Amino acid sequence: MKAKKSKTVVLLTCKQVVAFLQITSPTLRKWTREGLLKAYSLGGRIYYKQHEVINALQAVD
């Protein structure tokens, strides 16, 4: 039997994404509305997947 690779997904809060990208909260909301970043709602809170945030940065370059 093959062992399954477990891929750990790191979720970031809006505050963490703002600090990581060095942007403002309105800019984060704008980028989310425009589809540059995908937000996930969990328990009434908004999160972003770390690898998607990093991939979005690389796509801009």
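No experiment lies behind these values; they were computed from the predicted model shown.
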Spacing of Glu52 atom CD and Leu36 atom CG [to the nearest 0.5 Å]
12.5 Å
Answer whether the closest heavy-atom distance between the side chains of Ile46 and Tyr40 falls below 4.5 Å.
no
Looking at side-chain heavy atoms only, is the closest gap between Tyr47 and Thr13 below 4.5 Å?
yes
Would you compute the distance between atom OH of Tyr48 and atom CZ of Phe20 and round it to the nearest 0.5 angstrom?
14.0 Å
Shortest non-hydrogen contact from Val53 to Val17?
CG2-CG2, 4.3 Å
Look only at the side chain of Thr32 and the backbone of Leu28, and say whether a donor-acceptor pair between them is shorter than 3.5 Å.
yes
Side-chain contact, heavy-atom cut-off 4.5 Å: Leu37 with Leu21?
yes
Please give me the minimum heavy-atom distance between Leu11 and Leu42, naming the atom from each residue.
CD1-CD2, 4.1 Å
Could you measure the distance from the NE2 atom of His51 to the NZ atom of Lys7? Nearest 0.5 Å is fine.
5.0 Å
Heavy-atom check, side chain of Arg45 versus side chain of Ser41, under 4.5 Å:
no
Residues, nucleotides or ligands: over 12 heavy atoms within 6.0 Å of Glu34 CD
yes
Non-hydrogen side-chain atoms of Val10 and Lys49 separated by less than 4.5 Å
no
